[in-house]
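As structure tokens, the structure follows; a few thoughts come after it.
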Amino acid sequence: MVPNKKYREFTVNTISLLFIVLFVYASISKLLDFETFQIQLAQSPLLSAYAGIVSVLVPSIEILLAALLIISRFRLVALIGCFWLMVMFTVYIIIILNFSEYIPCSCGGVLEKLSWTQHLIFNIFFVFLAALAIYMTLQVSKSQTFQPSLKTVSIGLFIIAAFSTLVVTLIFIGSENRSYINEAFQRKYLPRAAEYLGDYDLGSKAYYLAGYKDSIIYIGNLQAPLYLKTIDVSLRHIQDFPVTISNLELPYRRARISVEPPFFYVGDGTVPVIFRGKTADWRATVFSYEDAYFKQFEIADSSHIGFAGISPITSTTNLGLISKAPGKDTVFFNDKILTKQFDGIFDSDGVLLWNYAHKKFIYTYFYRNSYEVTDENLNHLSTGKTIDTVGTAILNISHHSKKDQYKRGQAVVVNRYTATYGDFLFINSDRLGRFEDRTTANAAAIIDVYNIIENKYEFSFYIGHQPDKKLDGFSIDKDLLIALVNGRLWIFKLKPEYFNPGLNTTHTGQYQE
């Protein structure tokens with residue numbers, strides 16, 4: 001039943017007013033803090049490559065649509081534009097929430113206060129309002145001799161929505177290909193290099209690998225920083241227990257546990273403190289305090305800890321070493337190991353490992369195809385190359401001049417998670433080389449193996465896991481590989497004909513957003 005004219009006009013006018021308020025407020029908010037808006041777009045996994053034009057186009061379209069909604073003869077066109085724009089915004093959020101590598105900050109005035117899920121509901125509501133206003137305007141318009149039915153209007157709106165979805169999806173696929181596909185290199189795969197032994201559901205994505213040695217896996221919890229879980233490789237003996245530190249008053253923000261029996265360590269980095277204790281009683285006291293701030297630390301032995309942080313002199317990423325000896329504690333910084341390409345912080349970001357067999361530190365860059373090798377005193381020995389061809393970091397780094405802050409947007413991650421064992425450096429990469437099938441990679445993690453003595457690529461292999469999930473870290477000790485994938489622990493046996501199981505031990509590293 002067609003609503004009466006007065007009701008129709010009131011409904012259309014109310015919806016139009018809502019859109020005018022929404023678009024005027026959103027566009028003015030963006031323009032008043034245009035620099036922040038551009039930085040937020042530069043951080044988007046989908047739009048970073050188009051941040052310049054989109055930052056101008058979006059508020060311009062919003063202002064144009066708000067102006068057209070005021071003029072009655074252009075209102076239908078404006079409502080169709082509102083429907084199209086809100087559908088595109090909605091599809092963008094759906095992709096961000098379900099398929100994006102990471103979820104960036106929101107943008108747009110008051111909408112910044114909404115979570116992404118609330119933002120999605122908000123957008124869907126306005127898509128419905130636009131569709132309703134379009135139907136009412138078409139159904140009772142006196143200027144038309146043909147009044148379309150609800151079915152006809154629905155088909156038209158569906159076509160607009162489908163086209164909008166296609167456009168956003170193509171942008172997403174383009175950004176995905178840019179990040180994951182590089183046909184300039186080709187891997188040499190060894191079939192069945194790792195044999196599946198078992199898996200265990202931890203029940204939460206908050207867990208991380210804190211250590212692995214002598215068939216015992218140590219698992220920390222980001223949500224409960226002073227609790228550990230131990231699991232043996234048979235997956236039969238599981239224990240949860242607390243650890244204690246001697247000072248709970250400091251303003252910790254990201255404390256993590258690292259276990260290297262017979263000792264364990266608790267470090268934060270935002271607070272320059274590291275605690276050490278024995279696994280016999282899990283009680284830790286201060287090992288290092290106010291020696292250095294750090295982003296990560298790596299245990300070499302009971303009295304030497306390597307770390308990666310920001311140099312107070314050069315303001316770039318550097319490596320350091322804390323040494324404890326009776327009557328003599330030293331802290332050494334080396335600003336000359338890591339090479340700067342752009343800002344020296346994001347472009348040099350990576351993970352530090354300790355190779356026990358050869359007494360070497362290994363630093364693998366996240367965003368370029370190389371790694372650095374030093375001796376136990378942080379003297380640089382060599383630079384190794386991975387098989388990817390991205391030698392210069394592909395980053396979208398924005399500088400907020402008012403706040404004097406740098407923010408990283410979408411980046412091409414070349415090397416994600418790493419581990420070292422014996423003569424080998426193991427690197428997990430999502431990057432697909434020539435002739436590689438994306439379908440296979442969606443249910444398995446790619447591990448590239450490098451010989452750190454000869455600085456050369458050896459081979460690659462897959463470790464299978466649950467479909468459509470990603471590796472969250474892995475560790476290797478002797479002939480076993482332990483992987484963490486979306487809150488599930490996986491155990492694999494490395495075939496001895498491909499590896500040298502006589503050497504131990506290993507440390508692991510993780511990609512950090």
Determine whether [X] and [Y] make a side-chain contact, defined as any pair of heavy atoms from C-beta on separated by less than 4.5 Å.
X	Y	value
I491	L481	no
Y265	S302	yes
I482	L489	yes
I274	V266	no
K324	F287	yes
T383	Y371	no
T316	I310	no
K360	E376	no

If only atom types and distance count, is the side chain of [X] paired as donor or acceptor with the main-chain N or O of [Y] below 3.5 Å?
X	Y	result
N377	N379	no
E372	H380	no
N355	I362	no
D347	A393	no
T420	F424	yes
S348	T339	yes
Q296	L352	yes
S303	S323	no
Y293	G309	no
N318	L338	no

Within 45 degrees of the ring normal and closer than 6.0 Å to the centroid, is that where the cationic atom of [X] sits relative to [Y]?
X	Y	answer
K229	Y218	no
K359	Y356	yes
R256	Y208	yes

Intermediate values then yes/no, side-chain contact (heavy atoms from CB on, under 4.5 Å), V412 and R431: CA-CA 9 Å; V412 174; R431 302 266 290 165; 3.4 Å; yes

Residues E62, K30: salt bridge by 4.0 Å N-O rule: yes

Check ion pair D477-K213 (N to O, under 4.0 angstrom): no

Close aromatic pair by centroid cut-off 6.0 Å: Y363 and Y365: yes

Aromatic contact, F459 with F499 (centres under 6.0 Å): yes

To the nearest 0.5 Å, how far apart are [atom1] in [X] and [atom2] in [Y]?
X	Y	atom1	atom2	answer
K385	D388	NZ	CG	11.5 Å
S288	F275	OG	CZ	10.0 Å
N486	D472	CG	CG	6.5 Å
D423	L425	CG	CG	11.5 Å
D291	F307	CG	CZ	8.0 Å
L319	I337	CG	CD1	4.5 Å

Derivation and outcome, salt bridge (charged side-chain N to carboxylate O under 4.0 Å, His left out), residues R253 and D268: CA-CA 7 Å; R253 286 190 289 175; D268 187 291; 5.8 Å; no

Closest heavy-atom contact between [X] and [Y]?
X	Y	value
A193	F461	CB-CB, 3.7 Å
A255	P225	O-CB, 4.1 Å
S370	T386	N-OG1, 4.1 Å
Q186	F435	OE1-CE1, 3.7 Å
L494	A194	CD2-CB, 4.1 Å
S382	N455	OG-ND2, 3.2 Å

V127 vs W84, side-chain contact (heavy atoms from CB on, under 4.5 Å): CA-CA, chis, key distance, verdict: CA-CA 8 Å; V127 168; W84 162 76; over 6 Å; no

Plane angle bin for F297 and F294 - parallel if under 30°, tilted between 30 and 60°, otherwise perpendicular: perpendicular

Whether F122 and F126 hold their rings parallel, tilted or perpendicular, with breakpoints at 30° and 60°: tilted

Full working for side-chain contact (heavy atoms from CB on, under 4.5 Å) between V331 and L321: CA-CA 6 Å; V331 180; L321 182 66; over 6 Å; no

Residue pair F89, V58: steps toward the side-chain contact (heavy atoms from CB on, under 4.5 Å) verdict: CA-CA 11 Å; F89 288 163; V58 169; 4.1 Å; yes

L248, CG atom: more than 12 neighbouring heavy atoms under 6.0 Å: yes

Neighbour count >12 (heavy atoms, 6.0 Å) for atom CZ, F163: no

Criterion ring pair (Phe, Tyr, Trp, His ring centres under 6.0 Å) on Y189 and Y462, from CA distance to verdict: CA-CA 8 Å; Y189 281 101; Y462 284 110; 4.7 Å; yes

Sequence-distant partners of D448, side-chain contact (heavy atoms from CB on, under 4.5 Å), two or more places apart: R187, I387, S429, I446, Y450, Y457, S460

